[in-house]
Amino acid sequence: MPTLFTRIINGEIPSQKVFEDDAVVAFRDVNPVAPKHILVVPRQEITRLDQVTDDDEALLGRLLRTAAKVAAQEGLKDYRLVINNGAGAGQSVFHLHVHILGGRPLSWPPG
Ligand code: AMP
């Protein structure tokens, strides 16, 4: 079964895409928790951060670099990147993704 995000990447589920290349796709979160809330997702189905292997570690750099590019494209100077790893940390979709959050002051520590 393809993941929800694979179905979004393939266009089976509508989304507002803001970036895509051969390895990574970024689209707006359907339930934003900040004025700018974008998900940066690898095309490759990796369930969660701790399942990334050494063979795939370059993909992590690609995800972070893409997140920075997308944030700049969105006009964000200050923003937060979040990866929830596991249900106890808030992960609800088990296809690795980076949240870009911005457009409002972000407090620390997060909840
Ligand atoms: P996480 O809880 O870290 O796994 O993040 C999953 C994110 O996916 C949540 O912020 C959801 O709001 C978001 N999401 C769920 N379904 C969709 C969808 N169809 N389109 C865009 N974002 C979605």
Side-chain angles (χ1 to χ4, degrees):
M1 276 288 286
T3 68
L4 172 67
F5 287 168
T6 292
R7 296 178 68 206
I8 288 174
I9 288 167
N10 291 340
E12 293 166 41
I13 295 173
S15 70
Q16 291 182 36
K17 289 183 180 142
V18 296
F19 175 90
E20 59 184 313
D21 66 14
D22 60 315
V24 178
V25 179
F27 50 88
R28 297 193 192 283
D29 197 293
V30 76
N31 185 25
V33 297
K36 298 272 189 182
H37 187 172
I38 294 162
L39 303 173
V40 184
V41 185
R43 290 183 185 275
Q44 185 178 340
E45 287 189 344
I46 299 173
T47 55
R48 45 191 269 171
L49 181 65
D50 62 10
Q51 296 302 304
V52 176
T53 65
D54 289 348
D55 286 345
D56 298 324
E57 69 181 7
L59 186 58
L60 295 180
R62 186 82 171 260
L63 279 177
L64 289 182
R65 181 71 189 117
T66 300
K69 285 183 188 172
V70 169
Q73 178 183 297
E74 291 288 314
L76 294 171
K77 285 188 177 164
D78 299 332
Y79 53 89
R80 182 172 295 163
L81 303 183
V82 173
I83 298 175
N84 295 322
N85 187 76
Q91 186 173 6
S92 59
V93 177
F94 287 83
H95 182 149
L96 178 65
H97 52 283
V98 178
H99 296 254
I100 304 173
L101 299 170
R104 65 167 169 82
L106 295 163
S107 61
W108 191 263

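Both ligands and their constituent atoms are indexed starting at 1 by order of listing. All values below were derived from every heavy atom in this structure, side-chain atoms included, with hydrogens, water molecules and symmetry-related copies excluded. The shown structure was predicted, so the numbers you read here are calculated from the model rather than taken from an experiment.
Residues Leu63 and Ile83 form no side-chain contact, since every pair of their non-hydrogen atoms from C-beta on lies 4.5 Å or further apart. A heavy-atom distance below 4.5 Å is not found between the side chains of Thr47 and His95. Using a 4.5 Å cut-off on side-chain heavy atoms (C-beta onward), Lys36 and Tyr79 make no contact.
Rounded to the nearest 0.5 Å, atoms CG (Asp29) and CD (Gln16) are 11.0 Å apart. Rounded to the nearest 0.5 angstrom, Arg80 CZ and Ile100 CD1 are separated by 14.0 Å. Thr6 contributes atom OG1, which lies 10.5 Å from atom CD of Gln44 (distance to the nearest 0.5 angstrom). Residue Glu74 holds its CD atom at 12.0 Å from CZ of Phe19, rounded to the nearest 0.5 Å.
Remark: ligand 1 atoms within the under-4.0 Å shell around heavy atoms of Arg28 are 21 (C). Each of the following atoms of ligand 1 lies closer than 4.0 Å to a heavy atom of Ile8: 18 (C), 19 (N), 20 (N). Listed by number with element, the atoms of ligand 1 under 4.0 angstrom from any heavy atom of Asn31 are 12 (O).
Counting heavy atoms closer than 4.0 Å to ligand 1, residue Val33 contributes nothing at all. Using a 4.0 Å cut-off between heavy atoms, Val82 makes no contact with ligand 1 at all.
Backbone and side-chain nitrogen or oxygen atoms of Phe5 are examined, and none is located within less than 3.5 angstrom of a nitrogen or oxygen of ligand 1. The N/O atoms of His99, backbone and side chain alike, include one that comes under 3.5 Å of an N/O atom in ligand 1. In terms of polar-atom proximity, Val93 is counted as a contact of ligand 1, with an N or O under 3.5 Å from an N or O of the ligand. In terms of N/O distances under 3.5 Å, ligand 1 is approached by Asp29.
Of all the heavy atoms in Pro42 and Leu59, the pair that sits closest is CB-CD2, 3.7 Å. Counting all heavy atoms, side chain and backbone alike, Glu45 lies closest to Pro2 at OE2-CA, 3.5 Å.
Among all protein heavy atoms, the one lying closest to atom 16 (N) of ligand 1 is Leu4 CD2, 3.4 Å. Ranking the protein heavy atoms by distance from atom 23 (C) of ligand 1 puts Val30 CG1, 3.4 Å first. Here the heavy atom of the protein found nearest to atom 4 (O) of ligand 1 is Ser92 N, 2.7 Å. From the protein, the heavy atom lying nearest to atom 5 (O) of ligand 1 is His97 NE2, 2.9 Å.
Residue contacts with ligand 1 include Gly90, since one or more of its heavy atoms lies under 4.0 Å from the ligand. Put simply, part of Phe27 is less than 4.0 Å from ligand 1, judged by heavy atoms.
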- request: Walk me through it: do His99 and Asn84 pass the test side-chain contact (heavy atoms from CB on, under 4.5 Å)?
  value: CA-CA 9 Å; His99 296 254; Asn84 295 322; 3.7 Å; yes

